[in-house]
Amino acid sequence: MSVTFVSRSEVESAFAAPCFLARVRAGFPSPADDYMDRRLDLNEYLIHHREATFYCWVQGESMEGVGIFDGDLLIVDRAEDARDGDVVLASLNGELTCKILDIPRRRLIAAHQDYPPIVISEGACFEVEGTVISSIRLFRARPR
């Protein structure tokens, strides 16, 4: 899985859109759809540590088991301490990868059965670049 970084200026803006009180059903419309809660700014909702957060695009299928698909935009927070079982963006011997962190076994785990775990061997150049907080899936091609 490769990763493409996105600058903060490409994604960040002060834009708040209406947010409905009712949860949206994937079936028949609800009469409650006419009631809005407040305006929702996704930066406010998804970004907890503004200066420590960055975005990157995902390429590959190794994380589909946790809902991260090719072309998704990841929101990564460097200020969050990575815990066992977290999805992280990690650098291993100079290559960036998005995987599940397995601290006790010293490895990175894909969320797809076709990809074996990556062992973090002694002496390897390993660093967690940040914890993946969220992913965004676009249903239309993103503007270039």
Side-chain angles (χ1 to χ4, degrees), residues 1-26 30 32-144:
M1 172 178 288
S2 66
V3 175
T4 304
F5 286 95
V6 178
S7 72
R8 185 180 309 275
S9 63
E10 288 181 79
V11 180
E12 186 175 279
S13 68
F15 173 73
C19 181
F20 290 100
L21 279 171
R23 295 194 181 254
V24 177
R25 297 174 190 250
S30 166
D33 287 346
D34 293 333
Y35 300 97
M36 280 191 281
D37 181 16
R38 62 181 177 93
R39 298 186 77 79
L40 177 67
D41 181 344
L42 287 179
N43 290 313
E44 176 188 323
Y45 185 72
L46 296 173
I47 310 302
H48 301 111
H49 304 102
R50 183 181 173 104
E51 297 305 316
T53 299
F54 63 95
Y55 310 95
C56 58
W57 298 105
V58 173
Q59 181 180 355
E61 59 187 25
S62 70
M63 295 303 288
E64 288 181 355
V66 293
I68 298 174
F69 293 86
D70 185 66
D72 284 357
L73 180 67
L74 297 182
I75 300 172
V76 184
D77 191 334
R78 290 180 189 256
E80 290 289 331
D81 291 329
R83 297 182 296 228
D84 185 51
D86 279 347
V87 175
V88 298
L89 186 67
S91 174
L92 181 60
N93 296 324
E95 291 190 38
L96 283 174
T97 188
C98 176
K99 297 287 184 274
I100 299 166
L101 184 61
D102 182 355
I103 294 173
R105 294 186 178 119
R106 294 186 46 90
R107 61 188 188 161
L108 298 169
I109 302 170
H112 192 290
Q113 64 186 11
D114 293 343
Y115 295 85
I118 302 169
V119 177
I120 305 165
S121 59
E122 285 295 323
C125 185
F126 174 75
E127 186 172 349
V128 172
E129 297 294 335
T131 302
V132 176
I133 299 305
S134 187
S135 66
I136 299 171
R137 181 164 313 117
L138 302 177
F139 292 98
R140 287 189 174 185
R142 64 184 166 103
R144 299 245 178 227

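What you see is a predicted model; the values in this text were computed from it and never measured. Any value given below was found using the heavy atoms of this structure, including those in side chains, with hydrogens, waters and symmetry copies removed.
- Applying the side-chain hydrogen bond (donor to acceptor under 3.5 Å, both in side chains) test to Glu80 and every residue at least two apart in sequence or in another chain returns nothing.
- Cys56 and Leu89 make their closest contact through SG-CD2, 4.1 Å (heavy atoms, listed as atom of the first residue, atom of the second, distance).
- Legend: residues meeting side chain to side chain contact (heavy atoms under 4.5 Å, CB included) with Ile136, ordered by chain and number and at least two apart, are Leu46, Leu73, Ile75, Leu138.
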- Task: Apply the test side chain to side chain contact (heavy atoms under 4.5 Å, CB included) to residues Val87 and Met63: give CA-CA distance (whole Å), side-chain angles for both, the deciding distance (0.1 Å), then the verdict.
- Result: CA-CA 9 Å; Val87 175; Met63 295 303 288; 4.0 Å; yes
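- When the shell of 6.0 Å around OH of Tyr45 is examined, it contains 12 or fewer heavy atoms from other residues, nucleotides or ligands.
- Counted within 6.0 Å of CG on Asp81, heavy atoms from surrounding residues, nucleotides or ligands total 12 or fewer; the atom is thus considered open.
- Each of Val66, Asp77, Leu74 was compared with Val132 under the side-chain contact (heavy atoms from CB on, under 4.5 Å) criterion, and only Leu74 meets it.
- For the pair Val128 and Phe126, the tightest heavy-atom approach, listed with the atom from each and the gap, is CG2-CZ, 3.8 Å.
- Rounded to the nearest 0.5 angstrom, Lys99 NZ and Ile118 CD1 are separated by 5.0 Å.
- Among residues at least two apart or in separate chains, there is no salt bridge (charged side-chain N to carboxylate O under 4.0 Å, His left out) pair with a member in residues 86-96.
- Formation of a donor-acceptor pair under 3.5 Å by the Asp84 side chain with backbone atoms of Ile103 is found in this model.
- Annotation: side-chain hydrogen bond (donor to acceptor under 3.5 Å, both in side chains) contacts involving residues 123-132, sequence neighbours excluded, comprise Arg78-Glu129.
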- Item | Derivation of the side chain to side chain contact (heavy atoms under 4.5 Å, CB included) call for Val58 and Cys98 | CA-CA 8 Å; Val58 173; Cys98 176; 5.5 Å; no
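- Here the straight-line distance linking atom OG of Ser121 with atom CG of Leu92 works out to 7.0 Å at 0.5 Å rounding.
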Quick one: side chains of residues 106-113, donor-acceptor pairs under 3.5 Å with protein atoms, not counting sequence neighbours, listed by atom name and distance.
| unit_1 | atom_1 | unit_2 | atom_2 | d |
| --- | --- | --- | --- | --- |
| Arg106 | NE | Ile120 | O | 3.4 |
| Arg106 | NH2 | Ile120 | O | 3.2 |
| Arg107 | NE | Asp102 | OD2 | 2.7 |
| Arg107 | NH2 | Asp102 | OD2 | 3.3 |
| His112 | ND1 | Asp114 | N | 3.1 |

- Does the side chain to side chain contact (heavy atoms under 4.5 Å, CB included) test come out yes or no for Tyr55 and Ile47, once each step is laid out? CA-CA 11 Å; Tyr55 310 95; Ile47 310 302; 3.7 Å; yes
